Protein chains: 2
Amino acid sequence: MDNPRARILNTASLLFHQQGYNSTGINQIIDEAKVAKASFYQYFRSKDELCIAFLRFRHEYWFAELQAYTQHITGREGFIERVFDFIIHMNKKENYRGCSFLNILSELSKDQEAILAVIQSHKNDLRNFFENRLEKSLLATHIYLLFESAIIESQLFKSNELVYKSKEIINYII
Amino acid sequence: MDNPRARILNTASLLFHQQGYNSTGINQIIDEAKVAKASFYQYFRSKDELCIAFLRFRHEYWFAELQAYTQHITGREGFIERVFDFIIHMNKKENYRGCSFLNILSELSKDQEAILAVIQSHKNDLRNFFENRLEKSLLATHIYLLFESAIIESQLFKSNELVYKSKEIINYII
DNA sequence: TCATAAACAGACAAGTCTGTCTATTTATTC
DNA sequence: GAATAAATAGACAGACTTGTCTGTTTATGA
């Protein structure tokens, strides 16, 4: 939190998450991060480059949280339960803001391929995470898909209802 | 396609879908719709009001397409198959642009509650659609959730892979 | 044909945006 | 302590944004 780069990244995380990417200006970021504009452009060539740095930063943070939250669980059922509890946990923590990656996806134009690649890579990692914990199986993909929609519906309705429903569905099926 | 209002709505549909809401300016809309700015503000008080009109317009169109695509199907299995085929159909038709409603959701700020309400209402209608065709059941919610993520993953990866996977999952379960 | 309505073009205000630049101050290191 | 590096503030260019406004032209209907 002491060096400019970290302050920028932390502030951008907050603002992108709260207001969206296109609605958040560089000026607001540097104001709230208490960083001069020249310093900003010292660390990041452009806003899009900041976006990519932010997504990588967010990726590291989010996965670390998910790992920590599910690490100690051993059984398959328990793991799946826990994974949906993680959504509830993050919804509360971050006020139903949904997925940073999908939020930015919606704002991309065709020429922002570099950003798209980071988003795809994040989601591939998530899918792999489930395949590692549940064996590469239809179930892993199933959980991935329900996990994705559970996050989005939480954001849309600012509610955990469909997270609980997802858990019900899985319990019924397994 | 002949009166200004319809031209605006059609052009906005295209541009919002292609470029996103915040990245599309009024000026571009009126240029491409070949409508004077004064005429635009005759029909819509503000850009946000256009957004709401667009979403209602899109809602009507999209649901009509979905109805038409699934109307003649009788059995439960066939209906579910058909519903996922509809995603593939729309992906091809609209170049993997995903869901207009969720795309705009990501761009909303806190004060745009009126727009949020239209999006929620659309998704409630979709969920009701499944509950009507499949009886109010856990299965209906299940299809709704997989349907949602199938659309999003199509957009993200510009591929139907996870739509096919969703069908596999459902076939395995039923 | 003439009055009314609906469209047009486009200038303008007031604000936003990203990115560049100059010039100054604060830290760090030899 | 002097030289170098890293930070600061903030003006500025140029392009964009939404929304208002004036004035002109085209359609419509009696």
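These numbers were taken from a predicted model, which means no experiment stands behind them. So you know, we letter chains A, B, ... as the sequences are listed, proteins then strands, and number each from 1.
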Give the rounded distance in Å between these two atoms: CG of A:Leu50 and C1' of C:dT18.
12 Å

Would you kindly give the CD1-to-P distance between B:Ile29 and D:dC16, to the nearest whole Å?
16 Å

Just the rounded figure in Å: distance from C1' of C:dG10 to NZ of B:Lys34.
16 Å

Rounded interatomic separation in angstrom, taking CD from A:Gln42 and P from D:dA9
15 Å

Regarding A:Ser46 and A:Asp48, is there a side-chain donor-to-acceptor distance under 3.5 Å anywhere?
no

How would you label the contact of A:Tyr43 with the nucleic acid (heavy atoms, under 4.0 Å): base, sugar-phosphate, or nothing?
sugar-phosphate

A:Ala38 side-chain proximity, nearest of D:dA9, C:dC17, D:dG19:
D:dA9

Does B:Arg5 have a side-chain nitrogen or oxygen under 4.0 Å from the phosphate oxygens OP1 or OP2 of C:dA6?
no

Between C:dT20 and A:Arg45, is there an OP1 or OP2 to side-chain N/O distance shorter than 4.0 Å?
no

Give a yes or no on whether a salt bridge exists between B:Glu148 and B:Lys123, defined as a side-chain N under 4.0 angstrom from a carboxylate O.
yes

Of the listed nucleotides D:dT18, D:dA7, C:dG19, the one nearest the side chain of B:Asn27
D:dT18

Quick one: which of D:dA7, D:dT18, C:dT18 gets closest to the side chain of A:Ser39?
D:dA7

Check ion pair B:Glu94-B:Arg58 (N to O, under 4.0 angstrom):
yes

Take atom CD of B:Glu49 and atom C1' of D:dT18, then tell me their distance rounded to the nearest Å.
14 Å

Heavy atoms under 4.0 Å, any strand shown: does A:Thr24 hit a base, just sugar-phosphate, or nothing?
sugar-phosphate

Rounded distance (Å) that lies between atom P of D:dA9 and atom OH of A:Tyr41
16 Å

Pair B:Phe130 + B:His142: ring centers closer than 6.0 Å
no

From CD of A:Gln19 over to P of C:dC17, roughly how many Å is that when rounded to an integer?
10 Å

Rounded to the nearest angstrom, tell me the gap between atom CD in B:Gln28 and atom C1' in D:dT17.
13 Å

Quick test of your reading of the model: are B:Lys165 and B:Glu153 salt-bridged, counting only N-O distances below 4.0 Å?
no

Answer yes or no: side-chain N or O of A:Lys37 and base N or O of C:dG19 forming a donor-acceptor pair under 3.5 Å.
yes

Start at the 5' end of DNA chain C and walk down; is the nucleotide closest to A:Ile26 or to B:Val35 reached first?
B:Val35

